[in-house]
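As structure tokens, the structure follows; a few thoughts come after it.
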Amino acid sequence: GAFDFVLKPFDVAAVEVVVRNALQLQQYRTENRYLRERYEGPGGLDELIGVSPAMQEIFALVRRVAPTKGAVLITGETGTGKELIARAIHHLGPRREHLIVPLNCAAIPAELLESELFGHTRGAFTGAAAARMGKFEVANGGSLFLDEIGDMPVPLQAKLLRVLQESVIEPVGSNRRVSVDVRVISSTNRDLAARMAEGAFREDLYYRLNVFQIHVPALRERRQDIVPLARSFLDRYARELQRGALHLTQDAAQPLEAYAWPGN
């Protein structure tokens, strides 16, 4: 179980290097176990529920796109299931044995987003007490899901574009170049055409991300899916609460089908 050894007489600095490397390896193993538990979940079309023609068309697109290497842009309102579609694309494709790693670009402060994507070295900025892998490295060989890509700051968009072009990242605070093989799947609830017109989104990045596009309609536009979704949630929560089988009556289904479902 030894990690390494030192020869006597030894230099204290050399011992420090060995100990630091051992601690970093332990950290990477812990992160790897955590990430696999977090990101390796059920996937594929079995997780998607929809009987409407719109959803059936999306299922067909997912099957066509999944075996390819191209980037995919998924558009639609918040709550329409864009991440589930991204996971289905990954799990039906050739990268299924590797991770799909999600990152919400709108939930992380702009000054930290670069580090989340590309990683950083120890001391790269205040609070960087140890080196850390970025999401691109974690997703190497698999897929990276960039949620709410329309909210990414413009300066970082240029760096992301370069990574997509060269398949190489540079951790923050380092001159080390790391090759990565990652399929990028992104999503947005924004109108990227309008964002480009405002100068808030790079046109060249848009075309890099939008090799394939899948638009997910709002729930109010596919009312045939409301009852199947409601039954699915009812079954799930009945199991969680150990309530036994529960059934959705027609009297309960009618108001659900008539509701506007803001926020999906």
Side-chain angles (χ1 to χ4, degrees), residues 1-43 69 83 86-87 90-91 93-149 152-153 155-186:
F3 168 77
D4 204 343
F5 64 91
V6 291
L7 297 174
K8 295 189 292 183
F10 53 78
D11 180 67
V12 173
V15 176
E16 288 181 350
V17 170
V18 172
V19 172
R20 186 180 304 117
N21 290 341
L23 291 172
Q24 286 183 344
L25 178 64
Q26 184 183 40
Q27 176 189 353
Y28 292 152
R29 284 175 172 169
T30 302
E31 287 183 355
N32 184 57
R33 185 169 61 250
Y34 163 75
L35 290 168
R36 287 195 174 276
E37 289 173 355
R38 179 177 179 184
Y39 298 135
E40 280 189 341
K69 296 181 179 180
E83 183 169 349
R87 290 184 178 277
H90 172 78
H91 284 282
R95 297 172 180 265
R96 68 178 68 89
E97 298 301 322
H98 298 275
L99 296 176
I100 175 170
V101 179
L103 177 65
N104 189 324
C105 300
I108 299 172
E111 60 272 15
L112 295 179
L113 188 54
E114 181 178 1
S115 170
E116 284 291 322
L117 282 169
F118 310 132
H120 62 254
T121 61
R122 181 186 181 197
F125 50 85
T126 303
R132 185 181 181 190
M133 293 173 63
K135 295 295 191 288
F136 264 99
E137 274 196 90
V138 174
N140 194 25
S143 303
L144 178 63
F145 175 56
L146 297 177
D147 195 12
E148 305 304 347
I149 188 69
M152 179 176 285
L156 191 53
Q157 292 176 27
K159 295 181 179 181
L160 175 60
L161 177 64
R162 185 175 180 183
V163 172
L164 296 179
Q165 291 171 337
E166 301 180 4
S167 298
V168 172
I169 62 168
E170 290 185 12
V172 178
S174 171
N175 294 322
R176 179 173 61 97
R177 291 167 61 86
V178 181
S179 297
V180 290
D181 174 23
V182 174
R183 182 182 194 175
V184 174
I185 305 172
S186 52

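Counting only heavy atoms from C-beta outward, the side chains of Gln157 and Leu161 never approach each other to under 4.5 Å. Side-chain contact between Val184 and Leu164 is present, with heavy atoms from C-beta onward closer than 4.5 Å. For the pair Leu160 and Phe136, the minimum side-chain heavy-atom distance is below 4.5 Å. In this structure, the side chains of Val178 and Glu170 stay at 4.5 Å or more apart for every pair of heavy atoms. Under the 4.5 Å side-chain criterion, counting only non-hydrogen atoms from C-beta, Phe5 is not in contact with Val18. In this structure the side chain of Leu99 reaches within 4.5 angstrom of the side chain of Val138, judged on heavy atoms.
A distance of 12.5 Å separates OG of Ser167 from CZ of Arg162, quoted to the nearest 0.5 Å. Distance check, rounded to the nearest 0.5 Å: CG of Leu146 to CG of Leu144 gives 4.0 Å. Annotation: the span from Ile149 atom CD1 to Ile185 atom CD1 amounts to 12.5 Å, rounded to 0.5 Å. Once rounded to the nearest 0.5 Å, the distance linking NE2 of His91 with CD of Glu97 reads 10.0 Å.
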Exercise. Determine, step by step, whether Lys69 and Asp181 satisfy the salt bridge (charged side-chain N to carboxylate O under 4.0 Å, His left out) criterion, reporting the C-alpha distance in whole Å, the side-chain angles of both residues, the deciding distance to 0.1 Å, and the verdict.
Key: CA-CA 10 Å; Lys69 296 181 179 180; Asp181 174 23; over 6 Å; no
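The salt bridge (Lys or Arg N to Asp or Glu O under 4.0 Å) check on Arg183 picks up nothing, with sequence neighbours excluded.
Counting heavy-atom neighbours within 6.0 Å of Phe10 CZ, excluding the residue itself, gives a total of 12 or less. Within 6.0 Å of CD on Gln26 lie no more than 12 heavy atoms contributed by other residues, nucleotides or ligands.
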Would you tabulate the side-chain donor-acceptor contacts of residues 101-119 under 3.5 Å, counting partners in other chains and residues two or more places apart, or write 'none'?
unit_1 : atom_1 : unit_2 : atom_2 : d
Asn104 : OD1    : Ala106 : N      : 2.9
Asn104 : OD1    : Ala107 : N      : 3.3
Glu114 : OE1    : Lys159 : NZ     : 3.1
Glu114 : OE2    : Lys159 : NZ     : 2.9
Ser115 : OG     : His120 : ND1    : 2.6
Glu116 : OE1    : Lys135 : NZ     : 2.8
Glu116 : OE2    : Arg132 : NH1    : 3.2

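For Arg122 (side chain) and Ala130 (main-chain N/O), no donor-acceptor pair under 3.5 Å exists by modelled atom type.
Here the closest non-hydrogen pair linking Val168 and Ser179 is CG2-OG, 4.1 Å. Listed here is the closest heavy atom pair of Ala86 and Phe145: CB-CD1, 3.5 Å. Looking at every heavy atom in both residues, Tyr28 comes nearest to Ala131 through OH-CB, 4.3 Å. Contact detail for Ala124 and Ala128: the closest heavy-atom pair is N-CB, 3.9 Å.
Considering Glu83, His90, Arg95 as possible partners of Ile100, the one that fulfils the side-chain contact (heavy atoms from CB on, under 4.5 Å) test is His90.
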